[in-house]
Colleague: 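Got a structure here, written out as structure tokens. Questions coming.
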Amino acid sequence: MASCWRPTHSSFRCLLLFVFVLTVEGAGAERTNSSVEVEQKDGQFDTSYLDIVTSNVQIIYTFNHTVTRNKTEGVRVSVELLSEGTKSPVLFVVRQKQAVLSFQVPLILRGLYQRKYQYTQVGRTLCQPPTLALSETQFFYVDVSTLSTSSVQYKLRISRVESFTLQTNKKFSFNATPSQPQFFKYEFRDGVDTVIVKVNSEKNFPCSVMSVQDIQCPVYDLDNNVAFIGMYQTMTKKAAITVQRKDFPSNSFYVVIVVKTEDEACGGPLRFYPLSPDELLDAGNRSKTLEVVVYPAIDSEVYVMGMLFCLGIFLFFYVLTFLLACIENKRMHKKREGLLKSSNMSPAETASLLGKSPPSPYEYGSFGDNGSTLSSEPVTDSLASTDANYGYLGQEAFKRRPIGTRHTVIRFERSLDTVGRCRQESLSSVEEDDYDTLADIDSDKNIVRTKKYLFVSDLARKDKRVLSKKYQIYFWNISTIAVFYALPVIQLVITYQTVVNVTGNQDICYYNFLCAHPLGALSSFNNILSNLGYVMLGLLFLLIVLQRDVVHKRALTRNDVTALECGIPKHFGLYYAMGTALMMEGLLSACYHVCPNYTNFQFDTSFMYMIAGLCMLKLYEKRHPDINASAYSAYACLAAVIFFSVLGVVFGKGNTAFWIVFSVLHIVFTLLLSIQLYYMGRWRLDTGILRRILHVIYTDCIRQCSGPMYIDRMVLLVMGNIVNWSLAAYGLIKKPNDFASYLLAIAICNLLLYFAFYIIMKLRSGERIQCLPFVCILFTAVVWGSALFFFFQGLSTWQKTPAESREHNRDCILLSFFDDHDIWHFLSSIAMFGSFLVLLTMDDDLDAVQRDKIYVF
């Protein structure tokens, strides 16, 4: 180095030589300081080792154990850090023949918002890959090291796992924590292709995860990697996964149980928020006791029995319908033969042969051409009254009709005893008005529809061909809706099922996992199969309607007077729409149950709203064929209902503003519909509506206190408003989480109310219910009650987290194949079919009664 200072050497060469010397000397010093002492110890199972490790001391433990081909022995490594305040963690590396497992203590696991949790006690089970030899002695090594300059004390224990291989139908209990997960092995027995792995716990929390993984190393058994492979689901008290042999080539799998660091995934609250993401949180006591058991699943014979049972139930209705049709056809044939023989009989005898009682001279009245009654009996009220009594809210309410030169005074009364209708004012009322001609009455809707007592003939004036086309639009529209609705639904649920099968995330779908039987790619085939009844019974109802439609058209073709002028006008378009809606309900319910969850709930409920709406429209159309809603307006209203259903599920949970808006709209719509029904559509919503309302209040309530002109309608609408206002208040106060069911309850309550009103008014009007509809009513009521019992069992719910939903899961109760919800599908499809038959046959007793003697209500 001294020569560097000679003038003959450049300064640059001296600087390079100086840096080189310093680098060599520093490297030598580093090698001297980084020398590590390695201690090797022969380890024994079930022995605790208390040792100290530093950056200069590394310890290697050597263990050996015998592995046999027919028996798998579990090995567990348990470590506890005894030194406190250690800045550098201790690294444990377990080296096996075919795998390496490494972890640090304290173990750092991350939770929500990247919060870190520290665990000083760690327990891990070593994976055991299968061996080809009959018996083999294998060695494994546990290396312990740290970079801490200070001494770190720890405790190490290697133990054998009891009951590492799970036995069929044998329970095994164990404890687990986030840093001490557990996993066990199960091997398929001969002849068993499918098993159900069930895990139970008495405590809801801490939240846990059950995973089923193939036999491979490493085993993903920590909260931050358990979802990487296999099938998994979160759990509080219950978890169940159906495992098929075909998915595991080794004919065995691991059942992995992991306790999560936080409970949000299971519906629990955040414990607290850290000050910063880097802050280490105390994990606390998150130990959980669990119990695992593996049951063999059902075999192929149970699948076949379940499918035959489901098919047989609904084919029975086809056979029963065919037999009843044959009996009815034979009975009508005998009646026709009797009519031919009784051509000289009196009208009373002929009517008796037809099974109809002849109209009593005190029960019905008919109109002559000049507006007077043809019989001497008292019958209905006047055809018209003064404009003040019309209750008409249109502009014409304030215009007096011009009085002609001829004044027609018409007096109509009706016997209270024979009809059974309590019309006190009809016993002595005399109603007058002035008309030029009766044609004027026929052409003026304000006069005809505002009569005090209406008959079906008053509201069946339009051409039957026009009305038939009007109601056929219901069928064609719902068929179009069904196609455009069903195709994307099917595509979406196939995607859902594919995602579940590929990712293994069984939290996506809310099944009843204790009774979910897979078939092919479908995870819960039984829930899909049980919807077959909607499709088959919907098709059967369409066939029944088609048969009636054909018979009626033949009668019209031969100008049958009974078909032309008697009974409720027969329009079958709404019936066809109802049958189509029932079939679509089955298809979409099946699609929903492919993967039931929060995002596709509307698949299961959309056509329920349509069925309820179509049934109410059909009830109204029976007595009001001319003024029933068009298909376009009806489906527009149903679309609005579905729109609000989606909004309610997305935004309605605990949202006071949404519930206020919905309740107000509900009440306003109820009031508008009440006015529409009360005035038979003879009102107009414009700028003068308030003035006309005030006028009616002044004339009917202040100037003269008169009761409502249409008492029956008023009773129905008052009850309907009470029910709907109560439901609106309940929703506003309680804010139910299941908005879709709440909205469906509103529709069903209104349908039941109107149906009850229809039956009561039918009986009050002196009409009767024949044997077939009466039996259908009783049968349907019993089936509906039974169906609702199974519906409210609540085996799963997407309003909660998947783990909370699984708390409601229950075992199969029918043929070891169907659960409570499947029975709901069976019974509800039968009940809907029975309800449709009631609507179809309820007014068959009026088939031989002239329409001008059938009351409107």
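Note that this is a predicted model, so its numbers are computed, not measured. Positions are given from 1 along the sequence.
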Colleague: Answer yes or no: is there a side-chain heavy-atom contact under 4.5 Å between T125 and F164?
Modeller: yes
Colleague: Do T234 and T801 have side-chain heavy atoms sitting under 4.5 Å apart?
Modeller: no
Colleague: Could you pull out all residues at least two apart from F525 that satisfy ring-ring contact (aromatic ring centres under 6.0 Å, His included)?
Modeller: none
Colleague: Establish, yes or no, whether a centroid distance under 6.0 Å links the rings of F183 and Y254.
Modeller: yes
Colleague: Quick check on the 6.0 Å ring-centre criterion: do F188 and F248 meet it?
Modeller: no
Colleague: Is a donor on one side and an acceptor on the other found under 3.5 Å between the side chain of H517 and the backbone of S816?
Modeller: yes
Colleague: Do you know the tightest heavy-atom contact between F658 and G648?
Modeller: CZ-CA, 3.3 Å
Colleague: Is a side-chain donor-acceptor pair under 3.5 Å present for Y534 with S589?
Modeller: no
Colleague: Can you name the side chain to side chain contact (heavy atoms under 4.5 Å, CB included) partners of I813, sequence neighbours left out?
Modeller: F790, D820, I823
Colleague: For the CG atom of N225 and the CG atom of L222, what is their distance to the nearest 0.5 Å?
Modeller: 5.0 Å
Colleague: Keeping R245 on the side-chain end and V192 on the backbone end, is there a donor-acceptor pair under 3.5 Å?
Modeller: yes
Colleague: Got a second to check how far K116's NZ is from T261's OG1, nearest 0.5 Å?
Modeller: 13.5 Å
Colleague: Check R115 with E262, please: is the shortest side-chain N to carboxylate O separation under 4.0 Å?
Modeller: yes
Colleague: Name the orientation class of the two ring planes belonging to F791 and H821 (parallel below 30°, tilted from 30 to 60°, perpendicular beyond 60°).
Modeller: tilted
Colleague: So, does S663 use its side chain to make a donor-acceptor pair with the main chain of I660 at under 3.5 Å?
Modeller: no
Colleague: When rounded to the nearest 0.5 angstrom, what distance separates CE in M235 from CD1 in I241?
Modeller: 10.5 Å
Colleague: Is any side-chain heavy atom of W798 less than 4.5 Å from a side-chain heavy atom of S805?
Modeller: no
Colleague: Look only at the side chain of T498 and the backbone of I494, and say whether a donor-acceptor pair between them is shorter than 3.5 Å.
Modeller: yes
Colleague: How close do P181 and G123 get, heavy atom to heavy atom, and via which atoms?
Modeller: CD-O, 3.4 Å
Colleague: Can you run down the disulfide bond (SG atoms under 2.5 Å apart) pairs that involve residues 797-833, sequence neighbours left out, and say none if there aren't any?
Modeller: C515-C812
Colleague: Taking C-beta and beyond as the side chain, do L795 and H808 meet within less than 4.5 Å on heavy atoms?
Modeller: no
Colleague: Tell me which pairs pass side chain to side chain donor-acceptor pair (under 3.5 Å) where either residue lies in residues 731-741, with sequence neighbours left out.
Modeller: D738-S741, D738-Q799
Colleague: Please check this pair: side chain of Q491 against backbone of L487, looking for a donor-acceptor N/O pair closer than 3.5 Å.
Modeller: no
Colleague: Would you please name every residue forming a side chain to side chain contact (heavy atoms under 4.5 Å, CB included) with K198, sequence neighbours left out?
Modeller: I196, A240, V293, Y295, L514, D811
Colleague: Could you walk me through whether K185 and S252 pass the side-chain contact (heavy atoms from CB on, under 4.5 Å) test, one step at a time?
Modeller: CA-CA 7 Å; K185 183 181 179 181; S252 57; 3.9 Å; yes
Colleague: Please answer whether the main-chain N or O of L588 pairs with a side-chain N or O of D604 as donor and acceptor at a distance below 3.5 Å.
Modeller: no
Colleague: Which residues pass the ring-ring contact (aromatic ring centres under 6.0 Å, His included) test with F513, sequence neighbours left out?
Modeller: Y511
Colleague: May I ask you to decide if the ring planes of F739 and Y742 are parallel, tilted or perpendicular, using 30° and 60° as cut-offs?
Modeller: tilted
Colleague: Rounded to the nearest 0.5 Å, what's the gap from CD on Q118 to CG on L107? Could you check?
Modeller: 9.5 Å
Colleague: Please answer whether the main-chain N or O of P106 pairs with a side-chain N or O of Q104 as donor and acceptor at a distance below 3.5 Å.
Modeller: yes
Colleague: CE of M536 to CD1 of I313: how many Å apart, nearest 0.5 Å?
Modeller: 10.5 Å
Colleague: Looking at every non-hydrogen atom in both residues, tell me the closest pair between V493 and N600 and how far apart they are.
Modeller: CG1-ND2, 4.4 Å
Colleague: Apply side chain to side chain donor-acceptor pair (under 3.5 Å) to the pair S523 and Q497, showing each step before the final yes or no.
Modeller: CA-CA 8 Å; S523 299; Q497 185 66 75; 2.8 Å; yes
Colleague: Are any non-hydrogen side-chain atoms of C310 and F314 less than 4.5 angstrom apart?
Modeller: yes
Colleague: Given the rule in the side-chain contact (heavy atoms from CB on, under 4.5 Å) test, do M832 and L537 qualify, once you have shown the distances and angles that lead to the verdict?
Modeller: CA-CA 9 Å; M832 286 185 184; L537 294 182; over 6 Å; no
Colleague: Scan the side chains in residues 167-177 for donor-acceptor partners under 3.5 Å anywhere in the protein, sequence neighbours excluded, and list what turns up.
Modeller:
from : atom 1 : to   : atom 2 : distance (Å)
Q167 : NE2    : T165 : O      : 3.4
T168 : OG1    : Y186 : OH     : 2.8
N175 : OD1    : T289 : OG1    : 2.6
T177 : OG1    : Q180 : N      : 3.0
T177 : OG1    : Q180 : OE1    : 3.3

Colleague: Please examine the side chains of V258 and Y232, heavy atoms only from C-beta on, and report whether any two atoms are closer than 4.5 Å.
Modeller: no
Colleague: Residues two or more places apart in sequence or in another chain: which of them pass side chain to side chain contact (heavy atoms under 4.5 Å, CB included) with Q213?
Modeller: S211, V219, Y220, V226, I229, V256
Colleague: Could you check whether any side-chain heavy atom of Y609 comes within less than 4.5 Å of a side-chain heavy atom of S645, counting everything from C-beta outward?
Modeller: yes
Colleague: Residues two or more places apart in sequence or in another chain: which of them pass salt bridge (charged side-chain N to carboxylate O under 4.0 Å, His left out) with D223?
Modeller: K260
Colleague: Looking at residues at least two apart in the chain, or sitting in another chain, which of them share a ring-ring contact (aromatic ring centres under 6.0 Å, His included) with Y303?
Modeller: F817
Colleague: Only counting residues at least two apart or in another chain, list the ones meeting salt bridge (charged side-chain N to carboxylate O under 4.0 Å, His left out) with D507.
Modeller: R806
Colleague: Between S179 and Q121, what is the shortest heavy-atom contact and its length?
Modeller: OG-O, 2.5 Å
Colleague: So, N597 side chain and T599 main chain: donor-acceptor pair closer than 3.5 Å or not?
Modeller: yes
Colleague: Is the side chain of N526 donor-acceptor paired with the backbone N or O of D819 at a distance under 3.5 Å, no angle test?
Modeller: no
Colleague: Assign the ring pair W784 / W824 to parallel, tilted or perpendicular, where the plane angle (0 to 90°) is split at 30° and 60°.
Modeller: tilted
Colleague: Could you tell me the separation between the CE atom of M608 and the CD1 atom of I642, rounded to the nearest 0.5 Å?
Modeller: 12.0 Å
Colleague: Angle between ring planes, F607 versus Y485, binned at 30° and 60°: parallel, tilted or perpendicular?
Modeller: perpendicular
Colleague: Does any pair with a residue in residues 187-259 pass disulfide bond (SG atoms under 2.5 Å apart), and if so which ones, sequence neighbours excluded?
Modeller: C127-C217, C207-C266
Colleague: Does K288 use its side chain to pair, donor to acceptor, with the backbone of V259 at less than 3.5 Å?
Modeller: no
Colleague: Quick one: closest heavy-atom pair of D263 and F205, and the distance?
Modeller: CG-CD2, 3.6 Å
Colleague: Verify whether the ring centers belonging to Y510 and Y598 lie closer than 6.0 Å.
Modeller: no
Colleague: What I'd like to find out is whether the side chain of L815 reaches to under 4.5 Å of the side chain of V302, using heavy atoms alone.
Modeller: no
Colleague: Can you name the nearest heavy-atom pair linking T236 to A803, along with the distance?
Modeller: OG1-O, 3.5 Å
